[in-house]
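For reference, the structure is listed below as structure tokens.
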Protein chains: 2
Amino acid sequence: MKIKKEVTIYDLAKELNYSPSTISRALNNHKSISKKTIKLIKEAAEEMGYRPNNLAAGLRNNKSNTIGVLISRINRPFMASLISGIEETARKAGYNVLISQSNDKYENEISNCNALYDSRITGLVVSLSMETIDMGHFQKFIDKGIPTVFVDRVPDNFNSYKVVIDNYTAGYSATKHLIEQGCKRIAHFAGAQHRNIYEERKKGYLDALRENGLPIEEDLIIYFKTMSFEEGDKVTKKLLKMKNPPDGIFSANDTAAVSAIMCAKKMGVNVPHELAVIGFNDDPIASIVQPSLSTVSHPAAKMGAISARRILDHSGQNYDTDLSEITVLGTEIIVRDSSLKKVHALESKPSR
Amino acid sequence: MKIKKEVTIYDLAKELNYSPSTISRALNNHKSISKKTIKLIKEAAEEMGYRPNNLAAGLRNNKSNTIGVLISRINRPFMASLISGIEETARKAGYNVLISQSNDKYENEISNCNALYDSRITGLVVSLSMETIDMGHFQKFIDKGIPTVFVDRVPDNFNSYKVVIDNYTAGYSATKHLIEQGCKRIAHFAGAQHRNIYEERKKGYLDALRENGLPIEEDLIIYFKTMSFEEGDKVTKKLLKMKNPPDGIFSANDTAAVSAIMCAKKMGVNVPHELAVIGFNDDPIASIVQPSLSTVSHPAAKMGAISARRILDHSGQNYDTDLSEITVLGTEIIVRDSSLKKVHALESKPSR
DNA sequence: TAAATTTACGCAATCGATTCCGTTGCCTAT
DNA sequence: ATAGGCAACGGAATCGATTGCGTAAATTTA
């Protein structure tokens, strides 16, 4: 098989008797090139099958029109939607998207960071790995003026763009909702407390209990490692076997919440009447499980879009831009069947 | 804020009194550089904060150590796992991954194709958009000897690497399973027939009916547009209102299958006894819905890994390599509750 | 010991696009 | 008629890494 040679602006220049400078300018609609020359050159480029070489342009300009994404795992509904939002926004602006997943390992995060840096990305979007504490590997981006946007799982000791939801209020509202439904002993499935999202959700939970005169029982706060289905199942079983079991659960994610519902059903505990459950994320499984899972919805794709936009907008700015801008998005409590103890004036609309 | 200047191999050369050639060779472990020089240079590079510039290297070598991915949508469980598999394999080999989604639009597929080409990707992994029929936009990759791997949704009139599952056998087995459970009138939720996966699943369905002496009824074959939950709900309602409704459904995806289960339950039709259902993909919702959904499991991450490997392995080969190599992976029927009419010698293990 | 290798490196071109300085020709105002 | 201005384009350096070819010194071989 023969490999076709590439068509460059030099080929175009030779063919059309123009200089490479003019070809380049014409293709970029430079104002000092006449309309008809531009038209002529573009048509010839099209016809000869010319395609720009991003590597060459990137080298010259020292940037690549590429947004780097560094997340824990792609195959989580939230993350997939996040990437989707980034990709959509980036592509509309003519940017590409490089992805990498840390699998929640600190080491991988570092090496991926380097790999993305080596590709001279225009900007970086990060959702921290579970293990990450030290933020040194991100410093080189700041030093080089590469806009870095932390999203969802963000650091609290590092000055950079951030896009988050109001986890505290979400945790508070979710817990409050259970209280309003008549729950008196509400357990909390908590995630690793060094990650902002889990810490704040828990704070919201605690304050909701306090402000509504409910006691805080350490036994009812379960610290998860992975918040997996299996872990949730095990924990729920234990909780429900207590002499004085909880009558409500606020889980920091949907996976564990769903496992709680299914475990309760298996054990003959009625959801929501004996155990009301509310989760977090509004994953697809939330509307499928029965009783359907009440949860907190998370504007994942929107967060991705905003993160990408931060990077795109950063280019036009001067370097005194305030990098510490934080975007906080609202969440929404989605009330479904798993928390609906009171059958009040709620229209009986389908859960989906 | 001051922007730090980058450290290049020229800076290293000046600092260490070597030529840039030697620096470059040392960093690449070239054999003509002595061990101690390599060690010296590498340590200095580390200390001075040198980071290679992929754009420069890529321009020189005319490739970027990047795998391009072109899929319909990222936020589908199958696609997310596919990407995850690609990313993992690519990264281990020191490759980056560029993603793009077509949102099932032919036009987007073309422009994304160009964008990826312009970045001089080393190889391309594609799962075709729903609309794609003409394959012209992929020709430039072939012409340039860029390995292109079609995965899952593949063309049948284009000569290139392919990684697929045996959709025919899967469709056959799924249908056969329903027959073995005693179903006599099995409906099929079919996808767009110009996409191989849906066409073959349907063929498998038809042959299973034929070979087991069941009549084929066109009324029971529903051609979906999007295979969404809503579409599945509507279709199921219609089916179950027939004077002679089906007693089984083989759906070409899980989303529609789950909607069928939920719709049946709402209408008071017992699943599996009055209506057995089997889906396709083994999405997370499959094990959550109740009764849990029997389905065909799809090795998504593995398919991604294999696709990436095709590209990585292609480099070492000469250009007479057979590009038409096709990898066919097996599938597995996951029997859960939605299809289990007969309570036979199956251990009553939990659905998950 | 002279010749033949081998080791360890340097020179300079190269990849393709961009851009800072020009330069040329033509039009306009005085 | 001539200076001034502008439109339209060209020359050549530049971005950073790679590599074929060349060479001096060190080592081995005859």
* Asked: Quick check, are the ring centers of B:His137 and B:Tyr106 under 6.0 angstrom apart?
  -> yes
Check whether any side-chain N or O of [X] sits under 3.5 Å from a backbone N or O of [Y] as a donor-acceptor pair, and report yes or no.
X	Y	answer
B:Ser160	B:Val149	no
B:His194	B:Thr132	no
B:Gln101	A:Glu87	no
A:Arg51	A:Val7	no

* Residues of residues 55-62 of chain A with any non-hydrogen atom less than 4.0 angstrom from an atom of DNA chain C: list those, numerically ordered, please. => A:Ala56, A:Ala57, A:Arg60, A:Asn61
Figure out the [atom1]/[atom2] separation between [X] and [N], and round it to whole Å.
X	N	atom1	atom2	answer
B:Arg120	C:dG16	CZ	C1'	9 Å
B:His30	D:dT18	NE2	P	11 Å
A:Asn53	C:dT14	CG	P	17 Å
A:Ile9	D:dT14	CD1	C1'	13 Å
A:Lys63	D:dT14	NZ	P	22 Å
A:Asn28	D:dC9	CG	P	15 Å
A:Tyr10	C:dT18	OH	P	10 Å
B:Asn29	D:dA17	CG	C1'	16 Å

* Structure fact -> Minimal heavy-atom distance between B:Glu109 and B:Ser129, with the atoms involved, is OE1-N, 2.8 Å
* Structure fact -> Nearest heavy-atom contact between A:Leu312 and A:Ile67 is CD2-CD1, 4.3 Å
* Side-chain ion pair, B:Lys39 and B:Glu43, N-O less than 4.0 Å -> yes
* **Cationic N near anionic O, under 4.0 Å, B:Arg195 to B:Asp104** => no
* Base-contact (B) and sugar-phosphate-only (S) positions in nucleotides 6-11 of chain C, heavy-atom cut-off under 4.0 Å, - elsewhere -> --BBBB
* Asked: Which angle, rounded to 10°, do you find between the first-five-pair axis and the last-five-pair axis of the helix from C:dT1-D:dA30 to C:dT30-D:dA1?
  -> 40°
* Taking the side chain as every heavy atom from C-beta outward, state whether B:Arg120 and B:Thr66 have any atom pair closer than 4.5 Å. => no
* To do: Verify side-chain hydrogen bond (donor to acceptor under 3.5 Å, both in side chains) between A:Ser19 and A:Thr22, making sure each step is shown before the conclusion.
  => CA-CA 5 Å; A:Ser19 77; A:Thr22 302; 3.3 Å; yes
